[in-house]
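Computation of the quantities below employed the complete heavy-atom set of this structure, encompassing side-chain atoms and omitting hydrogens, waters and symmetry-equivalent molecules. Residue numbering restarts at 1 for every chain, and letters A, B, ... go by the order of the sequence lines.
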Protein chains: 2
Amino acid sequence: MTSIKDVARDVEMSTATVSRALRGLQGVSEETRGRVMESARRLGYVPSPSAAGLASGLTRTVAVIVPRVTQWFFAAIVQGAEEVLRERGYDLLLYNLAGDASARHRVFETNLLTKRVDAVLVLSLKPSPDELDRLLRLGRPVTIIGADMPGWATVRIDDHEAASTATQHLLDLGHRRIAYIGGATEGVLDFTAPSARLAGYRCTLERTGAPPAPELEADGAFTVAGGLRAARELLSGTDRPTAIFAASDEMAIGALRAAQELGLRVPEDVSVIGIDDHEMASYFDLTTVAQPVHEQGRVAATQVLAALTDDHWHPEQVILPTELVVRRTTAQLRT
Amino acid sequence: MTSIKDVARDVEMSTATVSRALRGLQGVSEETRGRVMESARRLGYVPSPSAAGLASGLTRTVAVIVPRVTQWFFAAIVQGAEEVLRERGYDLLLYNLAGDASARHRVFETNLLTKRVDAVLVLSLKPSPDELDRLLRLGRPVTIIGADMPGWATVRIDDHEAASTATQHLLDLGHRRIAYIGGATEGVLDFTAPSARLAGYRCTLERTGAPPAPELEADGAFTVAGGLRAARELLSGTDRPTAIFAASDEMAIGALRAAQELGLRVPEDVSVIGIDDHEMASYFDLTTVAQPVHEQGRVAATQVLAALTDDHWHPEQVILPTELVVRRTTAQLRT
DNA sequence: TTGAAAGCGCTAACAT
DNA sequence: ATGTTAGCGCTTTCAA
């Protein structure tokens, strides 16, 4: 393996100069840089990240902690983050918790990340106080995506508002019995969105004078299967809701399925709206409140990289806009 | 930052012994190991992967090169691989090409990976001869998933057979005008599955005496949108096919959509079958040839780790079984 | 603009 | 079972 030393010998210069030339630092004459680059190429020089990391304390690697890569939403954020990291020459270390508490424990509790990454991106997880403490002690930039964590750098949408938009859309269509399918407001993969969305739903309903009814609120675990189960329950009782607001498109898709199973037509018999604008949403004709998923990944990555370079940077809370996308699963209430 | 040296000083032993104790090597008395562990914990010792990597030449990191994480199929494989890597204490470096030729170039051409990872997993990509050459010169275990590359360690399904199963299912239902939606057999994100599946389709048709008709073969680019476009075309002509076999579930979902747009009922007017058993397949009632996606990731990861530890290991070609899953998008031909 | 030299934190070969 | 001793390949003062 040819090292910086071989190149130095080849161009008859010190390794220090070669290192500087290779990294594009200033204070190297153009002629020298040219000779170094040429020699490096000719000798097939490949830098050693381990050696650079050991010497500089920087790894040019960012950890991304994700609840489940198999969920389109998370994968899209990862993709966004990867793009900007790659552009800037950073590598992405993926930690997929996949609903596994021990995986979560391993990533947060052991100081696994300490000397391994320059920054951390946490997706849609609400770290516990203890976990936050460990993240803080990493002494590295951390950005949290999709959760509201005051004092931390975050990138998210206004979940309360998004839920409000969805609920209001149904109200505007004349619906009054509006069910809500959400998710546990705490647990292994908890984040702050579920509670904010639930609150947005309740608030908006209350403004109409209609008090939220507990029997209209169900847990769909933010999965298609969960949404299916929840909607089955909601729709099979007597006095069923005329509309369902699911806090995620996947749950909404489950709800569509439940309606179909029960012989209910959408939107004639029941309207359904979700949040996300999932890649499959348009194929289900799903009305939804779209959020810029991919973009959240890009912004978060940009943010940690800025923290890494800017001398005095301080945590920022970015809130990205959402937009109501009306398709064909919501319609005027039939009287 | 406390290092191995601090622990050595604390327990009054050499760094070599501490290193051995920490790594669980044999040749360390139980008493010593205990004291070292206790001291390490007490001092808040965190190992430095860079230092270990530099000294040992091993990074305990595996690169996973994926066409697009946002596609469920790839994400599921990544998840499978991540599980076994994590169990064994390896980290996963994600390289997402996302249809970007320059990203592909960057990963393969520059020797980015050389001193960075211990092994490489390549998903559903057919490396060019030049790329294969570079992979080979990494001198590291490489496993290719979803492509048929003789001489290399691979994990995949029998694509020819899977396509045959799907086609035969349609034939068994009485269909004769069976269209095929596949994907380019070369390009930036090419792999060997498209051609094998096309061949399986053609072969099976030929056995019935029906020569494959070029006008029944379309390109759906392995995406929902592509499948939609292709099926629109196929279904709007005169003498339209009575069944469509899409080489992936996503394209099949697009085909379902096209049928719906054109006012055709599935399966009464047209049968549709896919390959994969995508997580959304059951919600579309899609008949498909299921493949063990997650498992392919696990097997591939297990394979490279074995290559890393076994003294004399040689590349193996693992073929995982597929299974016809009949749902409600295929039915007997109506005469 | 360049060089000398120390050292980042660990592993591994060789001793004992 | 434990210690000694070289590095691994790079970055980073400090000097020139």
Side-chain angles (χ1 to χ4, degrees), chain A residues 1-37 39-40 43-61 89 91 111-118 139 308, chain B residues 1-37 39-40 43-61 89 91 111-118 139 308:
Chain A
M1 280 288 94
T2 113
S3 80
I4 213 176
K5 233 173 181 165
D6 302 303
V7 177
R9 192 178 305 119
D10 185 59
V11 298
E12 296 176 300
M13 293 246 163
S14 70
T15 60
T17 301
V18 171
S19 172
R20 285 188 278 251
L22 254 16
R23 284 179 295 154
L25 298 189
Q26 56 203 162
V28 178
S29 76
E30 271 320 304
E31 201 235 319
T32 302
R33 190 186 308 280
R35 284 176 46 226
V36 168
M37 299 307 244
S39 167
L43 300 181
Y45 168 75
V46 178
S48 158
S50 294
L54 182 55
S56 70
L58 292 169
T59 59
R60 293 195 77 82
T61 299
D91 277 336
N111 295 354
L112 197 55
L113 264 31
T114 307
K115 292 172 183 165
R116 178 150 302 217
V117 298
D118 295 348
L308 241 24
Chain B
M1 280 288 96
T2 112
S3 81
I4 213 176
K5 231 171 180 166
D6 302 305
V7 177
R9 192 179 306 119
D10 185 59
V11 298
E12 295 174 302
M13 294 247 161
S14 71
T15 60
T17 300
V18 171
S19 173
R20 285 188 277 252
L22 253 17
R23 283 179 295 154
L25 299 190
Q26 57 202 162
V28 178
S29 75
E30 271 319 306
E31 201 235 318
T32 303
R33 190 185 308 280
R35 284 175 47 225
V36 168
M37 298 307 243
S39 167
L43 300 181
Y45 169 74
V46 178
S48 158
S50 295
L54 182 54
S56 70
L58 292 169
T59 59
R60 294 194 78 82
T61 298
D91 277 336
N111 296 352
L112 196 56
L113 266 31
T114 307
K115 293 172 183 167
R116 179 150 305 216
V117 299
D118 295 348
L308 242 24

Test of understanding: with salt bridge (Lys or Arg N to Asp or Glu O under 4.0 Å), list the residues that count as partners of A:Arg20, not counting sequence neighbours. none

Residues that B:Arg60 engages under salt bridge (Lys or Arg N to Asp or Glu O under 4.0 Å), provided they are two or more places apart: none

Minimum-distance pair of heavy atoms, taken over all atoms of [X] and [Y]:
| X | Y | value |
| --- | --- | --- |
| B:Leu22 | B:Tyr45 | CD2-CE2, 3.6 Å |
| B:Ser39 | B:Val7 | OG-CG1, 3.6 Å |
| A:Ala21 | A:Arg33 | O-NH1, 3.0 Å |
| B:Val18 | B:Val36 | CG1-CG1, 3.9 Å |

For residues 2-11 of chain A, which residue pairs pass the salt bridge (Lys or Arg N to Asp or Glu O under 4.0 Å) check, not counting sequence neighbours? A:Asp6-A:Arg9, A:Asp10-A:Arg42

A:Arg20 atom CZ is separated from C:dT1 atom P, nearest whole Å, by 10 Å

Please give, in whole Å, the distance from C:dC10 P to B:Arg60 CZ? 15 Å

Under 3.5 Å between N/O atoms: give me all the protein pairs with nucleotides 5-7 of chain C, atom names plus distance.
none

The criterion is side chain to side chain donor-acceptor pair (under 3.5 Å); which residues satisfy it with [X], sequence neighbours excluded?
| X | answer |
| --- | --- |
| A:Ser19 | A:Arg23 |
| A:Ser14 | A:Thr17 |
| A:Asp118 | A:Thr59 |
| A:Ser29 | A:Thr32 |

Hey, is the side chain of A:Ser14 poking within less than 4.0 Å of OP1 or OP2 on C:dG3, counting only N and O atoms? yes

Phosphate OP1/OP2 of C:dC10: any B:Ser48 side-chain N/O under 4.0 Å: no

Restricting to side-chain contact (heavy atoms from CB on, under 4.5 Å), what partner residues turn up for B:Ala51, sequence neighbours left out? A:Leu54, B:Ser48

Can you find a heavy atom in the side chain of A:Lys115 that is under 4.5 Å from one in the side chain of B:Pro47? no

Which of residues 23-33 of chain B have a heavy atom under 4.0 Å from DNA chain D? B:Gly27, B:Val28, B:Ser29, B:Thr32

What are the residues of residues 1-13 of chain A, sorted by number, that bring a heavy atom to within less than 4.0 Å of DNA chain D? A:Ser3, A:Ile4

Going 5' to 3' along DNA chain D, which nucleotides are the first and last within contact of chain B (any atom under 4.0 Å from a heavy atom)? D:dA1 to D:dG9

